[in-house]
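Single-structure report; data block below.
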Amino acid sequence: EFTAGETYYLNPQAYVDYNSDEGDESYISLVVTKLVPATGIALSGSVTGREGKNVSLYAEFLPENAIKEDISWETSDDSIISIDEYYGQFDENVDLHLNKVGKATITATTQSGITASCEVTVTEVEEITVGEKALVKDSEGDFSFDDNYFKFIPETDGVYAFSIKGKNIWEKYIRVRSADGSLLCSGYETTCATLVGGQTYFCEGSALTEYSDETSSARILIEKKEPATSMEINRERVSGIKGEIIKLEVVFGPEDCAPEQVEWEIEDETIAYIESFYDDSCECEIVLLGVGSTEIIVTSDSGLTATVQI
């Protein structure tokens, strides 16, 4: 706040963007605007979304040069739409979690008591079961998360594997979320999670099309699996020369059990290092750096471990 009749000195500064094209002019201007108390707020953003997703709303203070205030957010029915997160002082944005099909009214209230409301609608999601479900292409010819989003309610407790299969596709990725939106598992081509029978989960898959003369297709495959009880690396010992690249793979047992995500570690990274591209994958490439010996340790999500000497 400033006092009328008093003198103030303003000292603006800015950094020149050196990424701009050669010859582009750089300049700075100082704009002083007198702010006025807000007379209203207007809400905008997503007023429709699918069950299990998050959407955002935004509050704009009116008029344009209004003084911003704290805003609190409320929902008329927390079982349908819950306030997922907002950040407090002067926060004009709110994330909403869409819990189930229906409608709820979201109300924003400023510190001075100004309110605005809008109705948000939650739409139904296609439910799939254990087995296969074909994916659909987007306008670019690929398979996107937005177009391939499904509800899954397992009949019984257990470990379930979610995979993307198909032909002439690559960068296959799948993720599974719980009803509250938290990520349970994700992975390239295949991922697994322990699920509770009767509860709601959401899975979504994506894949890129290989541009060739052949037709591409993709599908999600859901299978109930036995949990893994053992894990081993496909080689007991690794030896090689400096600069050599060695490929390792983790194998889970019993046969056809649910694979898990793993973490790879090397005791001495001056002797060898792990290509970061393969983090959390059952396959790993090791680059040999120097003379000596060290140990690789692999740990699965459930705590299974395996080691190999280099």
Side-chain angles (χ1 to χ4, degrees), residues 1-3 31-128 136 138-139 144-154 174-186 193 195-196 198-206:
E1 293 185 4
F2 295 100
T3 302
V31 179
V32 179
T33 304
K34 185 176 181 180
L35 301 182
V36 298
T39 58
I41 52 174
L43 301 186
S44 62
S46 301
V47 294
T48 301
R50 290 178 289 175
E51 181 184 2
K53 289 282 192 177
N54 278 25
V55 297
S56 298
L57 289 181
Y58 311 92
E60 179 185 0
F61 286 88
L62 303 173
E64 186 177 354
N65 62 330
I67 300 171
K68 294 182 179 182
E69 306 176 25
D70 288 356
I71 293 181
S72 61
W73 297 85
E74 294 180 330
T75 174
S76 63
D77 192 333
D78 194 73
S79 67
I80 296 176
I81 300 174
S82 55
I83 305 295
D84 190 57
E85 188 171 22
Y86 69 98
Y87 302 98
Q89 188 179 29
F90 300 151
D91 188 26
E92 302 162 52
N93 309 332
V94 65
D95 289 334
L96 308 174
H97 185 66
L98 311 182
N99 298 314
K100 67 180 183 181
V101 174
K103 296 180 179 182
T105 299
I106 307 301
T107 302
T109 305
T110 70
Q111 192 174 17
S112 63
I114 300 172
T115 63
S117 300
C118 71
E119 186 177 73
V120 179
T121 301
V122 184
T123 59
E124 198 169 6
V125 176
E126 181 182 357
E127 184 176 339
I128 59 176
V136 297
D138 58 21
S139 59
S144 66
F145 284 129
D146 283 342
D147 294 315
N148 297 287
Y149 173 70
F150 308 100
K151 178 195 292 188
F152 175 64
I153 304 176
I174 190 164
R175 55 195 183 201
V176 181
R177 300 184 185 275
S178 60
D180 66 3
S182 57
L183 183 66
L184 289 180
C185 61
S186 62
L195 307 182
V196 177
Q199 290 195 6
T200 298
Y201 301 90
F202 298 93
C203 65
E204 49 194 348
S206 70

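When a residue number appears, it is its place in the shown sequence, counting from 1. Because the structure is predicted, anything quoted here is derived from the model rather than measured.
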Go through it in stages, so that I can follow the logic: the residues are R50 and D146, the test is side chain to side chain contact (heavy atoms under 4.5 Å, CB included), and I'd like the CA-CA distance, side-chain angles, deciding distance and then a yes or no. CA-CA 10 Å; R50 290 178 289 175; D146 283 342; 4.3 Å; yes
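- Of all the heavy atoms in V176 and L183, the pair that sits closest is O-CD1, 3.5 Å.
- When the options D78, D180, N54, T75 are evaluated for a side chain to side chain donor-acceptor pair (under 3.5 Å) with H97, the one that passes is N54.
- Atom SG of C203 is separated from atom CD1 of I174 by 5.5 Å, given to the nearest 0.5 angstrom.
- Nearest heavy-atom pair, I106 versus I81, reported as atom, atom and distance to 0.1 Å: CD1-CG2, 4.0 Å.
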Start with the C-alpha distance between D95 and S56, add both sets of side-chain angles, then the distance that settles side chain to side chain donor-acceptor pair (under 3.5 Å), and finish with yes or no. CA-CA 5 Å; D95 289 334; S56 298; 2.7 Å; yes
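- Taking CD1 of I67 as the start and CD of Q111 as the end, the distance is 11.5 Å to the nearest 0.5 Å.
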Take T105 and E119, measure what side chain to side chain donor-acceptor pair (under 3.5 Å) needs, and give me the verdict at the end. CA-CA 4 Å; T105 299; E119 186 177 73; 4.8 Å; no
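- Salt-bridge check for E126 with K151: failed, with every basic side-chain N at 4.0 Å or more from each acidic carboxylate O.
- Atom-to-atom distance recorded for L195:CG and I153:CD1 is 11.5 Å, nearest 0.5 angstrom.
- When all heavy atoms of A66 and F61 are compared, the pair lying nearest together is CB-CB, 4.0 Å.
- Judged purely by atom type and a 3.5 angstrom limit, T110 uses its side chain to pair as donor or acceptor with the backbone of I114.
- Side chain of D138 to backbone of D147: no donor-acceptor contact under 3.5 angstrom is found.
- In this structure, CD1 in I80 is found 10.5 Å from CG in L98, a value given to the nearest 0.5 Å.
- From K103, atom NZ reaches atom CG of D77 across 13.5 Å, with rounding to the nearest 0.5 Å.
- The closest donor-acceptor contact from the side chain of N65 to the backbone of K34 lies under 3.5 Å.
- At most 12 non-hydrogen atoms from other residues, nucleotides or ligands lie less than 6.0 angstrom from CD of E124.
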Step-by-step side chain to side chain contact (heavy atoms under 4.5 Å, CB included) determination, F152 to T200: CA-CA 6 Å; F152 175 64; T200 298; over 6 Å; no
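- A pairwise comparison of heavy atoms in T107 and S117 identifies OG1-OG, 2.9 Å as the closest pair.
- A cation-pi arrangement is not found for R177 relative to Y201, the charged atom failing to lie both closer than 6.0 Å to the ring centre and inside a 45° cone about the ring normal.
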When you look at I83 and L96, which way does the side chain to side chain contact (heavy atoms under 4.5 Å, CB included) test go after all the steps? CA-CA 5 Å; I83 305 295; L96 308 174; 3.6 Å; yes
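- At least one donor-acceptor pair under 3.5 Å links the side chain of T123 to the backbone N or O of G49.
- When the ring pair (Phe, Tyr, Trp, His ring centres under 6.0 Å) test is applied to Y149, the partners found at least two apart in sequence or on another chain are F202.
- With contacts defined as side-chain heavy-atom distances shorter than 4.5 Å, the pair N93/L57 does not qualify.
- Of all heavy-atom pairs spanning S79 and N99, the tightest one is O-CB, 3.1 Å.
- The two residues P63 and T39 have their closest heavy-atom pair at CD-OG1, 3.7 Å.
- A 4.5 Å side-chain heavy-atom check between E204 and R175 finds at least one atom pair inside the cut-off.
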In sequence, state the C-alpha distance, the side-chain angles, and the governing distance for T121 and V47, and then conclude on side chain to side chain contact (heavy atoms under 4.5 Å, CB included). CA-CA 6 Å; T121 301; V47 294; over 6 Å; no
